[in-house]
Amino acid sequence: MSLIRTTAILILLTLTFSQTAMAKENVIKFSHITTEKTPKGKAANYFKELVEQRLKGKVRVEIFPNSQLYNDKEVLKALLLGDVQMAAPSLSKFGKYTKKWGIFDLPFLFKDASSVECFTNSPQGQALLGAAEDKGIKGLAYWLNGMKQLSANKPLLVPDDAAGEKFRIMSSDVLEAQFKTVKANPQKMSFSEVYNALSTGVIDGQENTWSNIRTKKFYEVQSDFTESNHGVLEYVLITSTEFWDSLPKDIQKELSAIIKEVTAKETRWALEAAEEDKQFIIASGRTKVHTLTNQQLELWAEVMKPVWKKFEVDIGKENIDAALKCNN
Ligand code: LMR
């Protein structure tokens with residue numbers, strides 16, 4: 001073989017090799033809407049840290065917190081277009097893709113965060129993770145935030161107190177129906193707009209977790225909070241089926257193991273935040289936090305209960321029954 005031919009082959013081989021090596025670094029852009037101090041924010045950063053330790057040179061993660069890149073409505077489209085590869089929106093925001101995840105919005109279905117965890121770990125909960133796969137969205141894990149609380153610029157002690165009030169809700173038909181049962185006026189709105197809408201009076205109230213209420217400073221612009229624990233804010237960590245299927249099997253396996261580890265920490269952070277953030281808000285003295293009597297709580301639950309029947313066919317009675325079993 002002539003020297004020229006050998007050199008040409010070597011150059012070709014080097015080029016092919018370096019192209020393959022370059023193609024091996026998969027980039028995961030992970031977009032979310034909360035601050036980095038929330039359980040979700042911390043978990044996203046921890047995911048990046050573990051991936052960079054264990055999949056160095058194969059996978060790189062870029063995190064975009066705090067609606068910096070997209071809000072939750074936009075992020076689902078971006079994920080399907082391949083502009084981002086991961087997100088962790090609230091399960092309340094998938095109505096266009098699956099009605100089944102509406103189960104997480106049913107008022108007073110879950111007694112507390114451990115009932116939610118029991119359900120997400122149950123066979124029914126695990127099967128539900130795949131509910132949006134036919135739309136190209138792969139559920140990788142459930143991430144907890146916590147139980148939601150109500151607020152307004154007046155005490156909300158009984159359902160009648162909410163009548164006529166404008167409440168911001170996530171984009172969920174179930175949540176819309178929930179507020180209609182108490183004759184309130186629900187308004188779907190992006191998370192990033194809530195603080196301004198509350199401070200300018202565009203809306204009167206909202207529902208969210210202690211963690212989001214603290215990190216987004218809602219307690220500074222609402223005079224009264226009710227510890228209602230009436231619903232849950234639960235996330236689903238997602239990717240697109242297209243991106244996931246494009247990854248080599250060994251990378252999928254390592255990512256799944258990392259996600260399992262991160263999910264366990266995320267749950268712990270969420271449980272801690274729920275208590276710490278509530279105490280922080282009470283201690284701030286900027287607002288009043290009302291605790292309901294059992295009788296008052298039962299009244300809210302009773303008035304809101306018809307929402308279950310309304311969405312039972314969409315969600316599946318067997319799923320609701322499985323969730324109820326977790327309250328025992
Ligand atoms: C919301 O819109 O209130 C929540 O989904 C925010 C969050 O925790 O992602």
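Computed from a predicted model, the values in this text were never measured in an experiment. Whatever order the structure lists them in is the order used to number ligands and atoms, beginning at 1. Numbers here simply count residues along the sequence, with the first being 1.
- Between D321 and K317, at least one side-chain N (NZ, or NE/NH1/NH2) sits under 4.0 Å from a carboxylate O, which counts as a salt bridge.
- The ligand atoms of ligand 1 that sit less than 4.0 angstrom from a heavy atom of N212 are 6 (C), 7 (C), 8 (O).
- The shortest N/O to N/O separation between T34 and ligand 1 does not fall below 3.5 Å.
- If you check which protein heavy atom lies closest to atom 5 (O) of ligand 1, you get K93 NZ, 2.8 Å.
- The M170 neighbourhood of ligand 1 comprises atoms 1 (C), 2 (O), 3 (O), 4 (C), 5 (O), with distances under 4.0 Å to a heavy atom of that residue.
- A cation-pi geometry, defined here as NZ or CZ lying under 6.0 Å from the six-membered ring centre and within 45° of its normal, holds between K265 and Y46.
- For atom 8 (O) of ligand 1, the closest non-hydrogen atom of the protein is Y235 OH, 2.4 Å.
- At a 4.0 Å heavy-atom cut-off, ligand 1 touches N208 through the side chain alone.
- In the model, W300 has no side-chain atom that pairs as donor or acceptor with a side-chain atom of S228 under 3.5 Å.
- A salt bridge is defined here as a Lys NZ or Arg NE, NH1 or NH2 lying under 4.0 Å from an Asp or Glu carboxylate O, and E62 with R60 meets this definition.
- The pair R54-E261 counts as a salt bridge, with a side-chain nitrogen and a carboxylate oxygen less than 4.0 angstrom apart.
- Which parts of ligand 1 touch L233 is read off a 4.0 Å heavy-atom cut-off, strictly below it: atoms 8 (O).
- Heavy-atom contacts of S90 reach the following atoms of ligand 1: 5 (O) (cutoff under 4.0 Å).
- Between the choices R168, K188, E234, K148, the shortest heavy-atom distance to atom 3 (O) of ligand 1 belongs to R168.
- At the top of the distance list for atom 9 (O) of ligand 1, counting protein heavy atoms only, stands K40 NZ, 2.7 Å.
- Using modelled atom types, one side-chain atom of K154 and one backbone atom of D161 make a donor-acceptor pair closer than 3.5 Å.
- A cation-pi arrangement, defined by a distance under 6.0 Å to the six-membered ring centre and an angle within 45 degrees of its axis, is present between K40 and Y235.
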